[in-house]
Amino acid sequence: MNPYETERRTLLTPVLLLLLAERRGHGYELVHRLVGMGWPEAESAHVYRVLRGLETCGAVTSHWDASDHGPARRVYTLTHQGAMELALWFVRLGELHGTLHVFLERYVQLTDAVALGDDRPATPLPTDHMRRMRK
């Protein structure tokens, strides 16, 4: 696993806490809701491991929900402790957001200078997506 994937996997904890703060859900549903959070290919086994870990530490609770159509499913709900943990993640990620914003802005400025013929070492030019982020 490359470092990028390791970082993304770490972010799965606050993302799952946020999804459960929005509404309770079972594991399979949460995997599908992750798509809207930028995880188009979330590994369901990893999601279930994180959910079990969150339950062990008291951030979420779960219960079996029997259905008239289909098998019973374990439904996860955010606890008060989990809501407090989510608030801490909000602060931490807010701080990280500021750092990342400065990094991205400086990278775009650097590549703009290179594109204008500045004599700095050549760096890859940003994609149009990165330029739109600046606006």
Side-chain angles (χ1 to χ4, degrees):
M1 180 180 325
N2 66 43
Y4 172 74
E5 285 303 316
T6 301
E7 292 166 358
R8 282 183 56 82
R9 287 172 74 107
T10 300
L11 291 174
L12 189 57
T13 294
V15 170
L16 285 172
L17 290 172
L18 178 64
L19 291 176
L20 290 172
E22 292 173 344
R23 70 177 187 273
R24 68 190 190 124
H26 58 82
Y28 183 73
E29 174 197 6
L30 290 165
V31 169
H32 285 282
R33 288 170 58 195
L34 283 167
V35 172
M37 297 291 295
W39 258 277
E41 298 174 10
E43 296 175 18
S44 58
H46 183 64
V47 170
Y48 283 105
R49 278 193 300 275
V50 171
L51 288 168
R52 280 193 303 275
L54 289 170
E55 188 168 22
T56 299
C57 74
V60 302
T61 59
S62 71
H63 69 276
W64 286 101
D65 186 27
S67 171
D68 292 339
H69 53 284
R73 296 181 174 162
R74 184 173 291 277
V75 177
Y76 296 89
T77 306
L78 190 70
T79 64
H80 178 70
Q81 180 179 334
M84 290 174 46
E85 194 172 320
L86 176 59
L88 287 172
W89 273 106
F90 175 80
V91 171
R92 290 182 199 126
L93 291 174
E95 292 167 353
L96 181 59
H97 178 269
T99 302
L100 292 174
H101 178 76
V102 170
F103 172 86
L104 294 172
E105 186 64 30
R106 288 181 66 170
Y107 182 85
V108 169
Q109 289 171 2
L110 177 66
T111 55
D112 286 348
V114 170
L116 293 174
D118 193 331
D119 62 354
R120 296 179 203 180
T123 58
L125 294 176
T127 64
D128 288 338
H129 172 71
M130 287 185 66
R131 290 194 186 281
R132 282 192 301 259
M133 287 174 44
R134 180 167 72 173
K135 295 178 181 174

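None of these values were measured; they are calculated from a predicted model.
- Taken together through direct or relayed side-chain contacts under 4.5 Å among Ile, Leu, Val, Met, Phe, Trp and Tyr, Val35 and Tyr48 form parts of separate hydrophobic clusters.
- Note that CZ of Arg24 and NE2 of His63 are 4.5 Å apart. Values are rounded to the nearest 0.5 Å.
- A side chain to side chain contact (heavy atoms under 4.5 Å, CB included) with Leu51 holds for exactly one of Leu12, Leu20, Thr13; it is Leu20.
- In this structure, Arg9 CZ and Arg49 CZ are separated by 6.0 Å, a value rounded to the nearest 0.5 Å.
- Atom CG of Leu16 sits about 5.5 Å away from atom CG of Leu34, to the nearest 0.5 Å.
- Cluster membership check: Leu86 shares its hydrophobic cluster with Val47, using side-chain heavy-atom separations under 4.5 Å among Ile, Leu, Val, Met, Phe, Trp and Tyr.
- Of the inter-residue distances, the one linking His97 atom NE2 with Thr99 atom OG1 reads 10.5 Å to the nearest 0.5 angstrom.
- In the hydrophobic cluster analysis, where Ile, Leu, Val, Met, Phe, Trp and Tyr join through side-chain heavy atoms closer than 4.5 angstrom, Val50 is grouped together with Leu11.
- Follow the hydrophobic side-chain contacts under 4.5 Å out from Leu88 and you never reach Leu93; the two are in separate clusters.
- Looking only at side-chain heavy atoms (C-beta outward), Met37 and Leu19 come within less than 4.5 Å of each other.
- If you take CG on Leu104 and CG on Leu100, they are separated by 6.5 Å, rounding to the nearest 0.5 Å.
- Contact of the Glu22 side chain with the Arg33 side chain is registered, since non-hydrogen atoms from C-beta on lie closer than 4.5 Å.
- The stretch residues 74-93 participates, sequence neighbours left out, in these side chain to side chain donor-acceptor pair (under 3.5 Å) pairs: Ser62-Arg74.
- Heavy atoms only, all atoms of each residue included: Ala59 and Leu78 are closest at O-CD1, 3.6 Å.
- Under the 4.5 Å side-chain contact rule for hydrophobic residues, Phe90 and Met84 do not share a cluster.
- Judged as a ring-ring contact (aromatic ring centres under 6.0 Å, His included), and not counting sequence neighbours, the contacts of His32 are Tyr28.
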